[in-house]
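To find a chain, count down the sequence lines: A is the first, B the second, and so on, and within it residues start at 1.
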Protein chains: 2
Amino acid sequence: MAGVDQSLVADLPMFAGLAPEQVDQLLQEAQSVRYPKGTNVFQQDGDAHSFFILLHGHLRVFKLTPDGQQVVVRFVSPGEVFGVAMAIGRTTYPATAQAVVDSIALVWPSAAWPRLVATHPGLAVNTLQTVGSRLQDAHTRVVEMSTEQVERRIAHAVLRLVRQSGRKVEAGVEIDFPITRQDIAEMTGATMPTVSRVLSAWESQGLVAGGRQRIVIREPHKLFLLAEGLPD
Amino acid sequence: MAGVDQSLVADLPMFAGLAPEQVDQLLQEAQSVRYPKGTNVFQQDGDAHSFFILLHGHLRVFKLTPDGQQVVVRFVSPGEVFGVAMAIGRTTYPATAQAVVDSIALVWPSAAWPRLVATHPGLAVNTLQTVGSRLQDAHTRVVEMSTEQVERRIAHAVLRLVRQSGRKVEAGVEIDFPITRQDIAEMTGATMPTVSRVLSAWESQGLVAGGRQRIVIREPHKLFLLAEGLPD
DNA sequence: CTGCCTGTTTGCCGTGGCGCAACCAAGTCC
DNA sequence: GGACTTGGTTGCGCCACGGCAAACAGGCAG
C-alpha cells in the first residue's frame with residue numbers, strides 16, 4: 001500500500017541477489033504497520049497470517065510453557081525477517097512477538113509467500129540462510145545450557161545482545177533497548193534473583209554498569225574471557 | 001555414479017513436488033557411500049564438501065566443546081537430509097556426524113548445491129521446511145532445559161527417540177539403534193550417573209526395560225504423562 | 001508533590017543433581 | 001575360555017542455584 005522507500009531495505013540480506021525492480025515488486029505487496037510498545041505483533045499458536053521485516057524498534061520473542069513460564073527465544077532488531085512460520089511449514093506461530101519499544105514493520109500476507117518464492121527463488125535461498133543461522137544460534141544455546149554454569153551463560157547472553165544491539169556510549173557499550181533481569185533470566189534458564197546477583201557482582205568489579213532496564217558493558221573483553229571460562 | 005533406485009527416495013520430503021525425471025537427474029549426480037559403524041561421515045569444523053541423504057543406518061550428530069565435552073545435537077534416521085552446511089551459508093560443518101551402526105548415504109558435492117537449487121527451486125523450499133522443523137526442535141529443547149528438571153527432560157528425550165526411531169516389539173516399543181546412557185545424558189544436559197538412576201527408577205516401576213545399549217518403553221503413555229509433569 | 005507500580009537487591013534456607021569413585025556385568029577379542 | 005574393554009549401577013558428600021520473601025528505588029500518573 002504505502003510506498004516504502006527502497007533505500008531502506010534494498011541492502012537487507014533477505015533481498016540479496018535480487019534486482020532493484022524485483023525488490024520494488026515485493027515492497028508493493030507489503031504494508032508498513034506501527035506496533036506501540038507492549039503490543040503483540042503476533043501470538044503463539046495464533047494463525048500465521050503474515051510474515052514481517054522489522055523496520056524500526058525492537059521485539060521480544062518468547063514462548064509460553066503450559067505452566068505459564070516464559071522463555072525468551074530472541075530479540076528482533078531492525079532489518080531482520082521474523083514470523084516466517086509459513087515458510088517453514090507451519091500454520092500457526094510457534095511463539096509470541098512483543099514490541100519492547102514502539103516499532104514499525106513491513107507486513108506481507110503469508111498467503112502470498114508461495115507465489116513470491118515461485119517468482120523470486122532467491123527469497124527461499126535467503127530465508128534458508130536466515131533460518132539456518134538461527135538454527136546455529138539455538139544449538140549454541142543448547143550447548144551452553146548443557147555444559148556451562150549460570151555465570152558463563154549469562155555472560156554469553158549479554159555478549160550476544162551486545163553484538164546484535166550494542167550502542168557505543170562513553171562508558172562502554174550499552175544494549176540499546178530496555179531489558180530487564182527477568183529477560184536475561186528467561187534467556188539463560190536462570191532465575192531472576194540469580195541474574196541480579198551475578199550482575200551485581202560484575203558491577204562491583206567494574207565489569208558492567210546497571211540501571212533500571214539498562215545494561216552498560218564497560219569491559220567487553222574481560223566479559224568475553226569470563227564467558228569463555230578463562231582465568232582473569 | 002552407481003544408479004540409485006528412484007523408488008528408494010522418490011517419496012522423501014526433500015524431493016516433494018519434483019517430477020520423477022527431476023529426481024532422476026538429481027540422483028545421477030549423487031554417489032552412494034558406505035560408512036562402517038564408528039566412522040565419521042563428516043567432522044566438526046571440517047570443510048563442508050558434501051551434503052547427504054541417509055539411506056540406511058543411524059548417525060549420531062554431536063558438538064564438541066573447547067573443553068572436550070560432547071553434546072548430542074540429534075540422531076539421523078534413514079530418509080533424512082543432513083550435512084546441509086553449505087545451504088545455510090556455512091563453509092564448515094558445525095558438528096560431527098558419526099555412524100552408530102553400519103550406514104549408507106547418498107552424497108552430493110556441496111559445490112553442486114547452488115546449481116541444483118537454481119535448476120530445481122523446490123529443493124530450497126523443501127530444505128527450508130526441514131531446517132525449519134529442526135529449528136523448532138532446537139527451541140523446544142531450549143524451553144525444556146530452561147523450565148524442566150532432569151527426569152522430565154529425559155522423558156521428553158526418550159519419547160522423541162521413540163517417535164523418530166521406535167520399533168514395536170512384544171514388550172512395547174524399542175529404540176532401534178544402540179544408544180548409551182551417556183548419549184541420553186548428552187542429549188539432556190544431565191550426567192551419565194543421573195540418567196542411569198532415572199532409568200533404573202523407571203525400570204523398577206515397570207515403565208521401561210533396559211539392557212546394554214538398549215531401551216524398551218513398556219508404558220509409553222505413562223512416560224508421556226511423566227514428561228508433561230502430570231500426576232500419575 | 002505524593003503514591004503506586006514495576007523492577008531490583010539481598011538474605012536465608014533447602015535441595016536437586018553433579019562429581020567422584022568403586023564395583024559390576026556383558027560383549028568381544030585372541 | 002579367559003582377559004580386556006566398554007557400558008552400567010550405586011553410594012556418598014557437597015555446593016551452586018532455586019524458592020521465597022522482605023525491603024528498596026526509579027519513574028510515571030494523577
Inset, instruction - Could you tell me whether R90(B) atom CZ has more than 12 heavy atoms of other residues or ligands within 6.0 Å of it? - result: yes
Inset, instruction - Considering only heavy atoms of chain A and a distance under 4.0 Å, specify the first and last nucleotide of DNA chain D in 5' to 3' order that meet this criterion. - result: dC17(D) to dG27(D)
Given side chains that start at C-beta, do those of [X] and [Y] come closer than 4.5 Å, heavy atoms only?
X       : Y       : result
V142(B) : V142(A) : yes
E228(A) : H156(A) : yes
S32(A)  : I104(A) : yes

Inset, instruction - Taking the six-membered ring for Trp and the full ring for Phe, Tyr or His, determine whether the centres of Y35(B) and H56(B) are under 6.0 Å apart. - result: no
Inset, instruction - Assert yes or no for the condition that the ring centre distance of F82(A) to F51(A) is strictly below 6.0 Å. - result: no
Taking only Lys NZ, Arg NE, NH1 and NH2, and the carboxylate oxygens of Asp or Glu, determine whether [X] and [Y] approach each other closer than 4.0 Å.
X       : Y       : value
R153(A) : E148(A) : no
E144(B) : R160(B) : yes
R74(A)  : D137(A) : no
E186(B) : K63(B)  : no

Inset, instruction - Please round to 10 degrees the angle between the axis of the first five pairs and the axis of the last five pairs in the helix from dC1(C)-dG30(D) to dC30(C)-dG1(D). - result: 40°
Inset, instruction - Would you classify S200(A) as touching base, sugar-phosphate or nothing, given that sugar-phosphate means primed atoms plus P, OP1 and OP2, and contacts are heavy atoms under 4.0 Å? - result: sugar-phosphate
Rounded distance (Å) that lies between atom [atom2] of [N] and atom [atom1] of [X]:
X       : N       : atom1 : atom2 : result
R212(B) : dA25(C) : CZ    : P     : 13 Å
E186(A) : dG7(C)  : CD    : P     : 11 Å
I179(A) : dG7(C)  : CD1   : P     : 13 Å

Legend entry - Phosphate OP1/OP2 of dT8(C) contacted by R181(A) side-chain N/O (<4.0 Å): yes
Legend entry - Q31(A)-W108(A) side chain donor-acceptor pair, cut-off 3.5 Å: no
Legend entry - Sugar-phosphate or base contact per nucleotide [nucleotides 15-23 of chain C; S, B, -; heavy atom under 4.0 Å]: --SSBB---
